[in-house]
There are 2 protein chains.
Amino acid sequence: MFDLDLRSRKPIYEQLVDKLKELIVNEVLKPDEQLPSVRTLAQELTINPNTIQKAYRELEIQGFIYSLKGKGSFVNPIAKGMDKEKISQVKQELEKLILEALYLGVTVEELQAMIVETDAKKGAD
Amino acid sequence: MFDLDLRSRKPIYEQLVDKLKELIVNEVLKPDEQLPSVRTLAQELTINPNTIQKAYRELEIQGFIYSLKGKGSFVNPIAKGMDKEKISQVKQELEKLILEALYLGVTVEELQAMIVETDAKKGAD
DNA sequence: TCAACTGTATTAAGAGTAATAGTACACCTA
DNA sequence: TAGGTGTACTATTACTCTTAATACAGTTGA
């Protein structure tokens, strides 16, 4: 479900944060839905509970989830509209990458075609 | 000239490698042109010569430059066509990012507009 | 010839961070 | 009350980047 890359330069907890954000924003995880517990998820992914907790804490700070001691962690219902900063961040990265591609000789048409194709692929979920 | 980000997750030497590749592929650095010496560039950028050397070694391994003991490091003339793997790598990253943007609700039209704008910006060098 | 420049190699130390391990505490619920 | 939850803390391991300090080998030009 999470396909983490343990060898990535991006830390595991950060990969988790991003994945969970995506699931929340796209409402795969519904508002107020309970997330797997720190220990459960750690066992499933065979990583340390502390790493999960670090991700959950980050998500709570950013307002995507809320945690109740003794109960669990849940999707913040307000999180749906929370992706604006993420969008601008992605756009920024995207612009850098587009620029790089253009410098490498990739044409505008080719890039635009990529978008259409990717969009089609997205629908095929 | 190199605008390095010392606080980036990407190591300095790797940033250097990428920058230099770009300069070489786009022939800002001409074939057989001599690169600044390890020590000179280190002084200019106020970083350690070893860091420069690491970048140069990597570039040599990848075939973008060649180094002659006692003489210097030079742009490999064959490096022009060397960017194919880089292109496919960039395309792959691009696709991931596009997909992410689409999931975040960015429209196809918006993305295509970005490309055109970025292309215009590129011309304004 | 030789000083001063090149690249190259090596070792050591410092620093930062991710991840794990282990433990402990507070809270909730059946 | 037992067993689940989140939370907090310390210590340790591991890895990597970066710097530092040398040292050596080759080239070049005065």
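Here is how names work: the chains are called A, B, and so on, in the same order as the sequence lines, proteins then strands, and each is numbered from 1.
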(message) Within the 4.0 Å limit for protein heavy atoms, which parts of nucleotides 19-30 of chain C are touched? Write it as a string from 5' to 3', B for base, S for sugar-phosphate only, - for none.
(response) SBBB-B-BBSS-
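- Separating the CD atom of B:Glu58 from the C1' atom of C:dG7 is a distance of 17 Å, rounded to the nearest angstrom.
- Following rounding to the nearest Å, B:Ile65 (CD1) and C:dT6 (C1') show an atom-to-atom distance of 13 Å.
- Annotation: salt bridge (charged side-chain N to carboxylate O under 4.0 Å, His left out) contacts of B:Lys19 (sequence neighbours excluded): B:Asp3.
- A salt bridge does not link A:Lys54 with A:Glu14: none of the charged nitrogens is closer than 4.0 Å to a carboxylate oxygen.
- Applying the salt bridge (charged side-chain N to carboxylate O under 4.0 Å, His left out) test to B:Glu95 and every residue at least two apart in sequence or in another chain returns A:Lys121.
- At a cut-off of 3.5 Å, with distance as the only test, a side-chain donor of A:Gln62 or A:Lys21 sits close to an acceptor on the other residue.
- Residues meeting the salt bridge (charged side-chain N to carboxylate O under 4.0 Å, His left out) test with A:Glu33, sequence neighbours left out: none.
- Using a 4.0 Å heavy-atom criterion, one finds that B:Gln34 contacts no nucleic acid atom at all.
- Atom CD in B:Gln53 sits about 14 Å away from atom P in C:dT6, given to the nearest Å.
- Of all nucleotides in DNA chain D having an atom under 4.0 Å from a heavy atom of chain A, the first and last in 5' to 3' order are D:dG4 to D:dC9.
- Shown here are the salt bridge (charged side-chain N to carboxylate O under 4.0 Å, His left out) partners of B:Glu58, two or more places apart in sequence or in another chain: there are none.
- The closest donor-acceptor contact from the side chain of B:Gln53 to the backbone of B:Asn48 lies at 3.5 Å or more, if one exists at all.
- At a cut-off of 3.5 Å, with distance as the only test, a side-chain donor of A:Tyr66 or A:Asp32 sits close to an acceptor on the other residue.
- Within 4.0 Å of B:Thr40, counting heavy atoms only, lie sugar-phosphate atoms of the nucleic acid but no base atom.
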